[in-house]
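Residue indices begin at 1 and follow the sequence shown.
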Amino acid sequence: MKRRVVVTGLGAVTPIGNTVEAFWASVKKGTVGIGEITKFDASDYKVKLAAEVKDFDPKERMDAKAARRMEPFSQYAVAAAKEAFEDAGLDMEKEDAFRVGVIVGSGIGSLQVIEREYEKILTKGPSRVNPLMVPLMISNMAAGNISIQLGLRGKCTNVVTACATGTNCIGDAFRAIQYGDAEVMLAGGTESSVCPTGIAGFSSLTALSTTPDPLRASIPFDKERNGFVLGEGAGVVVLEELEHAKERGAHIYAELVGYGATGDAYHITAPMEDGSGAAKAMETAMQEAGVTPAQVDYINAHGTATHHNDLFETRAIKLAFGDAAKDVQINSTKSMIGHLLGAAGAVEFIVCVKSLQDQFVHQTMGTTETDEECDLNYTLGAPVERELCCAMSNSLGFGGHNASLVVKKFEE
């Protein structure tokens, strides 16, 4: 028997707010967190815009010495995890530390430390490389640092599936609780790759928008879309076995009821053209959740604003939802915060939970006229207040990784 899993804590660091409260307030206002790159001189780059985290001081969120031994992707993860942990009201003195775990991933880890230390090799020689280069760089250190900071001694892993990372991490944490590996899991994703290598690499792949207007750069499903905007940040949620949560009187935000994950086996960057891989992930998640397509009220789409993603994800929704596709409310949070890569799915899952809580679907900002084949309801022009009982979050990653989560309003 699979155990029931509920969401009891939320934490986020994003380009439009460094706490869940600030982030969600900005989402409801339709704030776009995209602007000129400030983290390095981008004057020689075709891409001038990114969605950077702003006014983040790690010393306000963690011990200063510990923060110095973390790159930004780990700092964001720890800050979001601490917020989620405190939001859940967890007291480790009352918990078995071996039954509380972490699955928080990063698609890339730290490109910045590679840039800095490689420059040292070239200019000063290999003996001058920082002894902490490797532990600063590797992507599992987000989960490792969270575990250390909070004293969590249960399952501690990280999934790395590019842009599906956050969703797969939450899905794997869901499974860990369902099948008795843990009572509580902190799960999500983190990323910080707004740096010369990150911008140049994605730009050379022609994946990034070259539009100079911040309000028209990340425009999912729009006929003029020309790439995604690189964003950064972290999202972490506390997942908990239902009876454990009830026993300690935890506030329950929602219930996680379904998870589907597939591979396209098709191409290293492009999704399957007919959308069948992503559709199967959605179908699997709905099947586990015990819901029909008509019972899913809202989809937070992967919605990157690249030509292929938006077209093929639309096809996938039509394939998975059939006649119900025209009725489901869809949006893309990336229209406000850009593409957070490994953190995207986790932050977007938080949006699903908050949307259920407030019965509110945010507008897809910036998008004005959709492609002929992108003909579903993408919540354009204004946000929508409507009854929401069930939401889905989709993520698609380079390598053909597809992942979907289904979350419902909690009912006994």
Side-chain angles (χ1 to χ4, degrees), residues 1-11 81 84-105 143 146-147 150-159 164-189 235-262 281-292 295-296 345-346 349-350 352-354 356-357 389-393 395 403-412:
M1 284 289 293
K2 291 189 288 192
R3 306 191 305 168
R4 292 175 70 183
V5 180
V6 292
V7 182
T8 58
L10 306 173
F85 185 87
E86 289 165 10
D87 185 36
L90 286 164
D91 180 354
M92 289 309 295
E93 291 186 4
K94 297 177 181 176
E95 301 290 339
D96 177 352
F98 288 105
R99 301 290 293 165
V100 184
V102 185
I103 305 181
V104 173
I146 291 168
S147 169
L150 296 175
L152 315 182
R153 303 187 69 190
K155 175 180 281 193
C156 183
T157 64
N158 75 311
V159 179
T165 293
T167 301
N168 283 134
C169 285
I170 292 172
D172 280 12
F174 175 51
R175 290 279 181 263
I177 296 170
Q178 280 183 314
Y179 289 102
D181 289 348
E183 304 305 321
V184 181
M185 294 293 295
L186 274 71
V236 177
V237 298
V238 175
L239 302 181
E240 193 165 349
E241 192 272 326
L242 173 59
E243 296 306 319
H244 184 277
K246 286 164 67 174
E247 195 173 304
R248 68 180 191 86
H251 168 69
I252 294 173
Y253 281 101
E255 182 173 5
L256 181 51
V257 289
Y259 171 48
T262 64
M282 289 184 248
E283 289 165 6
T284 302
M286 287 189 285
Q287 184 177 16
E288 181 179 22
V291 298
T292 65
Q295 291 173 305
V296 177
F349 179 77
I350 290 170
C352 286
V353 171
K354 294 295 288 182
L356 290 174
Q357 183 183 34
C389 295
C390 181
M392 173 183 284
S393 182
S395 293
S404 294
L405 295 165
V406 175
V407 61
K408 292 174 73 174
K409 285 179 73 175
F410 174 67
E411 295 176 350
E412 288 287 355

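- Atom CD1 of Ile177 and atom NZ of Lys2 lie 13.5 Å apart (nearest 0.5 Å).
- Taking CZ from Arg175 and CG from Leu256, the interatomic distance works out to 9.0 Å, rounded to the nearest 0.5 Å.
- Heavy-atom contacts from other residues, nucleotides or ligands closer than 6.0 Å to CD of Glu243 number more than 12.
- Side chain of Thr167 to backbone of Ser404: no donor-acceptor contact under 3.5 angstrom is found.
- In terms of heavy atoms, Cys169 sits closest to Gly188 at CB-O, 3.3 Å.
- Residues Glu255 and Val5 approach most closely at CG-O, 3.3 Å, considering heavy atoms.
- Taking every heavy atom of both residues into account, Ala254 and Leu356 meet most closely at CB-CD1, 4.4 Å.
- Nearest heavy-atom pair across Val407 and Cys352 is CG1-CB, 4.0 Å.
- Taking CD1 of Ile350 as the reference point, atom CD of Gln357 lies at 12.0 Å (rounded to 0.5 Å).
- In terms of modelled atom types and a separation under 3.5 Å, the side chain of Arg99 and the main chain of Asp181 share a donor-acceptor contact.
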request  = Applying side-chain contact (heavy atoms from CB on, under 4.5 Å), run through Arg4 and Phe410 and close with a yes or a no.
outcome  = CA-CA 11 Å; Arg4 292 175 70 183; Phe410 174 67; 3.8 Å; yes

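- Counting heavy atoms from C-beta outward, Phe85 and Met92 have side chains that approach closer than 4.5 Å.
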message = Set out, in order, the CA-CA distance, both residues' side-chain angles and the distance that settles side-chain contact (heavy atoms from CB on, under 4.5 Å) for Val184 and Arg248, then state yes or no.
response = CA-CA 12 Å; Val184 181; Arg248 68 180 191 86; 5.6 Å; no

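- Summarising the geometry, atom CD1 belonging to Ile252 is positioned 7.0 Å from atom CD belonging to Glu412; distances are rounded to the nearest 0.5 Å.
- The backbone N or O of Thr292 lies less than 3.5 Å from a partner atom in the side chain of Gln295, making a donor-acceptor pair.
- Counting only heavy atoms from C-beta outward, the side chains of Tyr253 and Val237 never approach each other to under 4.5 Å.
- In this structure, Tyr259 and Asp172 have side chains that are in contact, with non-hydrogen atoms separated by less than 4.5 Å.
- A salt bridge does not link Glu247 to Lys94: none of the charged nitrogens lies less than 4.0 Å from a carboxylate oxygen.
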message = Under the criterion side-chain contact (heavy atoms from CB on, under 4.5 Å), I'd like the reasoning laid out for Lys354 against Leu10: C-alpha separation, chi angles, the key distance, then a yes or no.
response = CA-CA 10 Å; Lys354 294 295 288 182; Leu10 306 173; 3.8 Å; yes

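- With sequence neighbours left out, the side chain to side chain contact (heavy atoms under 4.5 Å, CB included) criterion links Ala289 to Val257, Val291, Val406.
- Contact record, Ala346 with Ile170: CA-CD1, 3.9 Å, taken as the closest heavy-atom pair.
- A distance of 15.0 Å separates CE in Met282 from CD in Gln287, rounded to the nearest 0.5 Å.
- Within the 3.5 Å criterion, the main-chain N or O of Leu242 finds no donor-acceptor partner in the side chain of Arg3.
- Here the CG atom belonging to Leu186 is positioned 10.5 Å from the CD1 atom belonging to Ile103, to the nearest 0.5 angstrom.
- Annotation: side chain of Leu152 is not in contact with side chain of Met185 (no heavy-atom distance under 4.5 Å).
- Of all heavy-atom pairs spanning Ala84 and Val238, the tightest one is O-CG2, 3.4 Å.
- Arg153 and Glu95 are not joined by a salt bridge, as no carboxylate oxygen comes within less than 4.0 angstrom of a charged side-chain nitrogen.
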